[in-house]
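Heavy-atom basis, side chains included; hydrogens, waters and symmetry copies ignored.
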Amino acid sequence: MLSTVVWLWRLRRREYGSIWLTAKVLSRKYGICTVAILLFVLLCIPTLTLLFKSDSYTYFSMLIDGAGKWNFSLCDMWPFRIGYHASYGYTFFALLGYYVAPWQGLGIRIAHIILAVTAYCSIAATLKKLYAGRTNSFYFAVAACFLFNPLVLGLIQEMNLDFPMACFLALFVWAHCGEKKVLSVFFAALMCFSKEYGVVLVFFYATGVLVGRLIFGILNSSSDSIVKPWELCIGIPALFFIVDMLLQPSWGGSSAGAQSGLGAVNTFQINIDYIIFRLKELIILNFQWMAMLVILCGLAISALRHRLATITPSLVGVFFSMMAYGALTILYFTYPHYRYLAPSAVYLPILLGAACSSLSNVVQLVIPLSIALLFGVQSFVSIDPISNQVFRRVNAGNGDIISLARYSDDPYRQGILIDEEHGGDLSSEVFRDYVQNNREYTLFQQCFEDLLMAIDYGDAVGLVVYPIYPLGNQEN
């Protein structure tokens with residue numbers, strides 16, 4: 001804090017002459033950033049005391065079970081593998097938060113808030129690199145569509161590997177765009193070792209950058225090398241990942257003969273029913289349809305005006321990475337949980353920035369801030385009329401909430417998912433992780449706490465609770 005005061009004093013003396021003028025200029029440059037971060041943190045405070053639920057509790061229990069049990073052997077890394085994933089990178093950060101404040105994972109949630117804010121600032125910095133010449137307010141307004149996205153604000157209370165993957169992706173792109181050599185390799189390593197598909201995103205981003213440089217080099221008759229020497233180091237984490245997968249395989253497989261509506265879980269396959277359902281999640285759920293519509297219209301208007309954003313190798317890399325992520329999302333047959341779409345929250349503001357960068361200054365701010373506002377409200381209550389019509393609604397007492405339950409485990413064949421048309425029973429699946437699309441499901445815990453508070457306890461009172469909402473091992 002002292003250093004901040006000193007910096008402001010020097011800034012006042014050197015550039016603006018008075019502290020009030022300094023504050024005015026800073027609010028003009030960073031006002032949206034400050035308000036967005038403060039509002040985000042305030043909205044996250046109520047989540048600090050919530051219980052981890054379903055898969056989130058499984059990750060949390062595996063983290064604390066392995067805490068302090070590593071024997072410093074590279075051949076025995078199980079304490080760092082959460083949910084049987086090669087999650088060494090994220091586990092390190094999660095353990096830092098856990099050791100600082102272990103009660104109910106409080107430190108982990110604080111670490112998540114810090115990670116989200118850091119990613120928000122890095123996305124704004126990336127937008128400034130990709131679409132130079134705009135105001136700081138524009139960059140922070142567009143980046144707010146990440147911070148208030150239901151994938152971030154709506155699910156930050158849970159513990160999973162997809163949210164940190166999205167944050168590390170944002171930081172990696174920022175570091176590479178700014179040619180921050182050590183940080184680029186560092187964040188690439190965190191991506192490769194937080195969840196398996198991270199290595200795919202890094203590979204296709206690097207491939208896109210090389211393709212972009214090659215094309216622009218040919219068009220400009222440039223003899224510059226398409227690969228900078230330090231960028232070769234980004235491949236080192238990928239090599240270590242491959243070695244780890246060979247020693248401890250945890251991802252992949254194929255199922256060429258899968259039928260639409262059923263298939264072997266966690267395998268690559270062309271499953272038409274699954275592809276359609278995942279595309280609806282990507283394009284429609286939680287006002288995504290509105291953001292996509294704005295992006296398409298903005299790009300079309302920019303094209304007609306011949307004012308499209310300048311394409312750079314880094315932007316080509318982002319596009320390649322996004323396409324690879326989209327292909328993984330629809331071709332890797334697994335449980336269609338909403339949290340798996342977390343990286344799309346990073347790609348969205350980059351696309352939105354391209355769509356809005358050529359519009360007038362006022363429209364540049366109004367559009368992204370409006371989308372961020374809708375995202376923020378949707379993070380707490382499902383007001384999106386299109387999502388409410390397209391997706392399953394399940395009764396939760398005084399109202400209905402969206403459930404993405406589409407498949408259930410086949411009781412006769414291990415590792416097979418089936419839908420209702422093939423005899424799947426979704427009665428036990430509609431809740432659990434399938435309702436974790438925003439914070440509406442957290443009201444279950446509040447209702448249960450209110451119930452416990454209303455009971456007149458005595459020596460003769462016994463309490464038997466049926467696990468209406470599964471809480472992992474906590475239901476025991």
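A donor-acceptor contact shorter than 3.5 Å is absent between the side chain of N286 and the backbone of F375. Of the possible donor and acceptor atoms, one in the side chain of Q378 sits under 3.5 Å from a partner among the backbone N and O of D384. Here the side chain of Y139 pairs a donor or acceptor atom with the backbone of Y131 at under 3.5 angstrom. Not one N or O on the side chain of R278 forms a donor-acceptor pair closer than 3.5 Å with the backbone of G326. Between the side chain of Y274 and the backbone N or O of Y332, at least one donor-acceptor pair lies under 3.5 Å. Listed for the R393 side chain is a donor-acceptor partner under 3.5 Å among the backbone atoms of D400. A donor-acceptor pair under 3.5 Å is absent between the side-chain atoms of E196 and the main chain of H85, judged by distance alone.
With hydrogens and angles left out, the side-chain atoms of N160 and E158 include no donor and acceptor closer than 3.5 Å. Using modelled atom types and a 3.5 Å distance limit, the side chains of Y88 and R81 yield a donor-acceptor pair.
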Side chain to side chain donor-acceptor pair (under 3.5 Å) between T334 and N266, intermediate numbers included: CA-CA 5 Å; T334 186; N266 296 335; 2.7 Å; yes
Stepwise side-chain contact (heavy atoms from CB on, under 4.5 Å) test for Y205 and V318: CA-CA 6 Å; Y205 174 84; V318 171; 3.9 Å; yes
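Taken from CZ in F380 to OG1 in T442, the straight-line distance is 8.5 Å, to the nearest 0.5 Å.
Of all heavy-atom pairs spanning G105 and F52, the tightest one is CA-CE1, 3.8 Å.
The shortest distance between side-chain heavy atoms of R134 and L127 does not fall below 4.5 Å.
In this structure, F333 has its ring center under 6.0 Å from that of Y407.
Using a 4.0 Å cut-off between charged side-chain N and carboxylate O, R339 and D433 make a salt bridge.
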